[in-house]
Structures are given as C-alpha cells and as structure tokens.
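What's counted below: heavy atoms across the whole structure, side chains too, no hydrogens, waters or symmetry copies.
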Amino acid sequence: MKLGFVGAGNMAQAILKGALDKHVLEASDVLIYDPDTDKAQSQAKQYGVTIARSNAELCAASDIVLLAVKPNVCASALKEIGTALNGKALISIVAGWDMRRLQAELDDRVHILRVMPNTPSMVGEGMTAFDQSHTLLPDELAFATSIFSSIGRVISVPDTLMSAVTGVSGSGPAYVYLFIEALADAGVLAGLPRATAYELAAQTVVGAGKMVLETGLHPGVLKDAVCSPGGTTIEAVYELESAGFRAAVMRAVDACILKAGALSKG
C-alpha cells in the first residue's frame with residue numbers, strides 16, 4: 001500500500017523512520033506533503049521518499065493517509081484534502097480530534113482510525129493506542145498495526161478511554177522527564193557530575209519500565225523487592241509518600257484527561 005504523510009513534523013518523521021527501518025514500508029511507497037518545503041525536502045533527501053505538491057495530490061496518489069498536523073490547522077488541512085480521500089483510509093494522530101470531529105469534516109466513505117502515539121516513538125519505544133470505534137477495513141487495520149508496531153507497542157481501547165490514554169501515555173513522557181530531572185538534580189546535590197546523574201536516572205527509569213513489562217509482576221511487588229526492612233530505599237519511599245507523590249501524579253493525569261476531553265469537544 002502507498003502511504004501519504006500530511007505533515008512532516010517530529011512524530012511523522014519518527015513513524016516514517018521506524019517503518020522504513022523495519023521494512024514495513026519501502027521509500028518508493030511513501031509520499032509526504034508539508035507547507036514547510038525545507039522540512040519536506042530534508043526528509044525526502046534523507047529517506048528517499050517523494051514530495052507531493054499539495055494535500056489533494058498526495059491523497060489522490062495514496063491508499064492510506066496519515067494525518068500528522070497541529071490541531072489548529074487540522075480543519076484547513078481536511079478541507080484541502082476534499083473528496084480525494086473518498087473510499088480510502090485516514091489515520092489521524094492529531095491531538096484533540098476524536099472520531100466525531102473527524103467524521104464531521106470528511107465524507108462518510110472515508111475509513112478513519114484515530115491513534116494516540118507518544119514521543120518515545122522517535123527512539124522505537126513508543127506506546128500507541130488505537131480507537132476501537134475506527135472504520136478501517138481489515139487489511140487497512142493490519143497495515144496500520146504493522147506501521148505503529150515498528151515504533152513500539154500498540155494497544156486498542158474504546159473511544160471513551162482515549163482521553164485517559166492521552167493523560168497516561170500521550171502526555172506521560174513529560175511527567176517522566178520531570179522525575180528524571182528531579183532524580184538527577186538530587187544526584188548533583190549529592191556531588192555527582194551532571195552528565196553522570198542524568199545517565200543514572202534515565203537508565204534507571206528505562207530499566208524499571210522494562211521490569212514491569214517483561215516480568216509481568218505488579219509494580220508494588222517490584223517496589224517491595226527493592227525495599228529492604230529498615231533500609232535506605234524504604235526511607236526514601238516514606239518521604240515520597242509523605243509528600244503525596246502518588247496523589248500528585250494522579251491529580252496531574254486527571255487534569256490532563258479533563259483538558260483532553262474539553263479539546264475533543266472543539
């Protein structure tokens with residue numbers, strides 16, 4: 001299948017690179033369009049893909065189109081596409097645009113899948129959620145799954161939970177970066193060189209995440225395994241709990257979910 005990218009930003013580039021590296025796509029089957037011609041030309045040169053002259057031309061030449069534009073220009077991009085997508089598939093990674101909003105802007109002959117990836121996709125460790133209320137055909141869905149599996153993990157959730165996905169994994173990297181920065185700052189306070197502190201903190205987060213995913217154990221069980229009776233770790237955990245660490249994280253995610261819900265209503 002030929003895949004067209006409407007938008008050539010960081011996330012689109014991450015998806016493109018992952019799919020090409022895993023040979024899910026061939027460069028000859030990819031078209032891109034972005035009003036920033038320098039950005040489009042840079043990616044065309046780097047990956048060997050073809051630049052389309054307009055969104056409408058791209059859609060006419062593609063079997064599936066990946067919509068990767070900023071939310072504030074999504075409506076205008078869809079208007080430019082017009083009827084060129086009729087009978088074809090659209091995969092949207094546009095934040096705040098749920099299935100209802102997308103369907104309102106497109107002909108009912110367009111097959112639509114809304115997805116929520118996250119920025120670790122840029123290093124092949126992404127987490128992507130598919131909206132279960134999609135209208136893709138089976139072969140289109142299989143193709144979409146292969147594309148996003150090339151940059152990380154893929155799950156499918158009901159449309160009513162997509163805002164929750166935004167709060168946990170879509171925005172989640174930002175919370176983790178804050179934690180890494182705080183962890184590293186504490187190391188610097190204790191005398192570690194800044195670069196060493198960041199390496200220690202970041203790899204600790206990577207390793208802890210893999211422990212959860214690969215062992216299948218509850219995070220609490222893994223936490224208990226590090227906390228020796230009367231030891232240093234339980235002392236640190238006590239301080240975090242005293243400061244309301246878990247409650248603060250839950251409130252942050254809840255605020256993000258509420259905002260995502262409001263954005264999806266336009």
To the nearest 0.5 Å, what is the distance between CG (Leu217) and NZ (Lys223)? 13.5 Å
For the backbone of Pro117 and the side chain of Ser121, can you confirm whether one donor and one acceptor N or O come within less than 3.5 Å of each other? no
Look at atom NZ of Lys2 and say whether more than 12 heavy atoms of other residues, nucleotides or ligands are closer to it than 6.0 Å. yes
Nearest heavy-atom neighbours spanning Ser62 and Val65: CB-CG2, 4.0 Å
A quick test of your reading: do over 12 heavy atoms of other residues, nucleotides or ligands sit less than 6.0 Å from OH of Tyr238? no
Shortest non-hydrogen pair, Leu102 vs Ser92, comes out as CD1-CB, 3.7 Å
Is the shortest side-chain heavy-atom distance between Tyr175 and Val168 below 4.5 Å? no
Phe130 vs Leu113 side-chain heavy atoms within contact, under 4.5 Å: yes
Please name the pair of heavy atoms, one in Val157 and one in Ala129, separated by the smallest distance, quoted to 0.1 Å. CG2-CB, 4.4 Å
Do the side chain of Glu140 and the main chain of Leu136 share a donor and acceptor less than 3.5 angstrom apart? no
Check the surroundings of atom CG in Asp139: do more than 12 heavy atoms from other residues, nucleotides or ligands lie under 6.0 Å from it? yes
Other residues, nucleotides and ligands only: do more than 12 of their heavy atoms fall within 6.0 Å of CD on Glu57? yes
Side chains of Leu106 and Ile112, heavy atoms from C-beta outward: is any pair under 4.5 Å? yes
Does any part of the side chain of Gln41, heavy atoms only, come nearer than 4.5 Å to the side chain of Ile51, both counted from C-beta? yes
Is it the case that the side chain of Lys45 and the backbone of Ala40 share a donor-acceptor pair, with hydrogens and angles ignored and the cut-off at 3.5 Å? no
Interatomic distance, Cys256 atom SG to Arg251 atom CZ [nearest 0.5 angstrom]: 15.0 Å
Backbone N or O of Gly170 within a donor-acceptor pair of the Asn118 side chain at under 3.5 Å? no
Would you say the side-chain atoms of Asp98 pair up with the backbone N or O of Arg101, donor to acceptor, closer than 3.5 Å? yes
Looking only at heavy atoms, which two atoms of Leu58 and Ala52 are closest? And how far apart? CB-CB, 3.7 Å
Going by atom types only, do Tyr47 and Gln13 share a side-chain donor-acceptor pair under 3.5 Å? yes
Going only through I, L, V, M, F, W and Y residues with side-chain contacts under 4.5 Å, is there a path from Val110 to Ile93? no
Hydrophobic clusters here meaning ILVMFWY residues chained together by side-chain heavy-atom distances under 4.5 Å, can you tell me if Trp97 and Val6 are in one? yes
Please output the side-chain donor-acceptor pairs of residues 21-32 that fall under 3.5 Å, not counting sequence neighbours, one pair per line with the distance.
from, atom 1, to, atom 2, distance (Å)
Asp21, OD2, Lys17, NZ, 2.8
Lys22, NZ, Ser150, O, 3.4

Check the hydrophobic clustering (I, L, V, M, F, W, Y; side-chain heavy atoms under 4.5 Å; chains of links allowed) and say if Ile15 and Leu20 are grouped together. yes
Going only through I, L, V, M, F, W and Y residues with side-chain contacts under 4.5 Å, is there a path from Val94 to Leu90? yes
Pair up each side-chain donor or acceptor in residues 192-199 with any protein partner under 3.5 Å, not counting sequence neighbours, and list the distances.
from, atom 1, to, atom 2, distance (Å)
Arg194, NH1, Asp185, OD1, 2.5
Arg194, NH2, Asp185, OD1, 3.2

Under 4.5 Å between any side-chain heavy atoms of His111 and Leu137, yes or no? yes
Taking C-beta and beyond as the side chain, do Met162 and Met116 meet within less than 4.5 Å on heavy atoms? yes
Are Ile151 and Met127 joined in one hydrophobic group, where the rule is that I, L, V, M, F, W and Y side chains link up if heavy atoms are under 4.5 Å apart? no
Using only atom types and a distance under 3.5 Å, with no angle test, would you say the side chain of Asp131 pairs donor to acceptor with the backbone of Arg114? no
Quick one: does Leu16's side chain get under 4.5 Å of Gln43's, heavy atoms only? yes
Look up atom NE2 in His218 and atom OG1 in Thr215, then write down how far apart they are to the nearest 0.5 Å. 11.5 Å
Given 3.5 Å as the limit, does a donor-acceptor pair link the side chain of Thr204 with the main chain of Leu200, or not? yes
Asp63 side chain vs Met1 backbone, donor-acceptor pair below 3.5 Å: no
Counting only N and O atoms by type, is there a donor-acceptor contact under 3.5 Å from the side chain of Ser171 to the main-chain atoms of Gly167? no
Can you tell me how far CG of Leu67 sits from CD1 of Ile91, rounded to the nearest 0.5 angstrom? 10.5 Å
Should Ile234 and Pro229 count as side-chain neighbours, where that means a heavy-atom distance under 4.5 Å? no
Can I get a per-line list of side-chain donor-acceptor pairs under 3.5 Å for residues 71-80, giving both atom names and the distance, sequence neighbours left out?
from, atom 1, to, atom 2, distance (Å)
Ser76, OG, Val73, O, 2.9
Glu80, OE1, Asn55, ND2, 2.8

Atom pair OG1/CD of Thr233 and Glu235 - distance to nearest 0.5 Å: 10.5 Å
Give, for atom CG of Leu161 and atom CD of Gln132, the distance between the pair rounded to the nearest 0.5 Å. 8.5 Å
Aromatic plane relationship, Phe245 with Phe179 - under 30° parallel, 30 to 60° tilted, over 60° perpendicular: tilted
Where do Val253 and Met250 land on the side chain to side chain contact (heavy atoms under 4.5 Å, CB included) test, with the steps shown first? CA-CA 5 Å; Val253 173; Met250 292 172 72; 5.9 Å; no
Nearest heavy-atom pair of Ala8 and Lys39: which atoms, and what distance? O-CD, 2.9 Å
Looking only at non-hydrogen atoms, find the nearest pair between Cys59 and Ala84 and report the distance. CB-CB, 3.7 Å
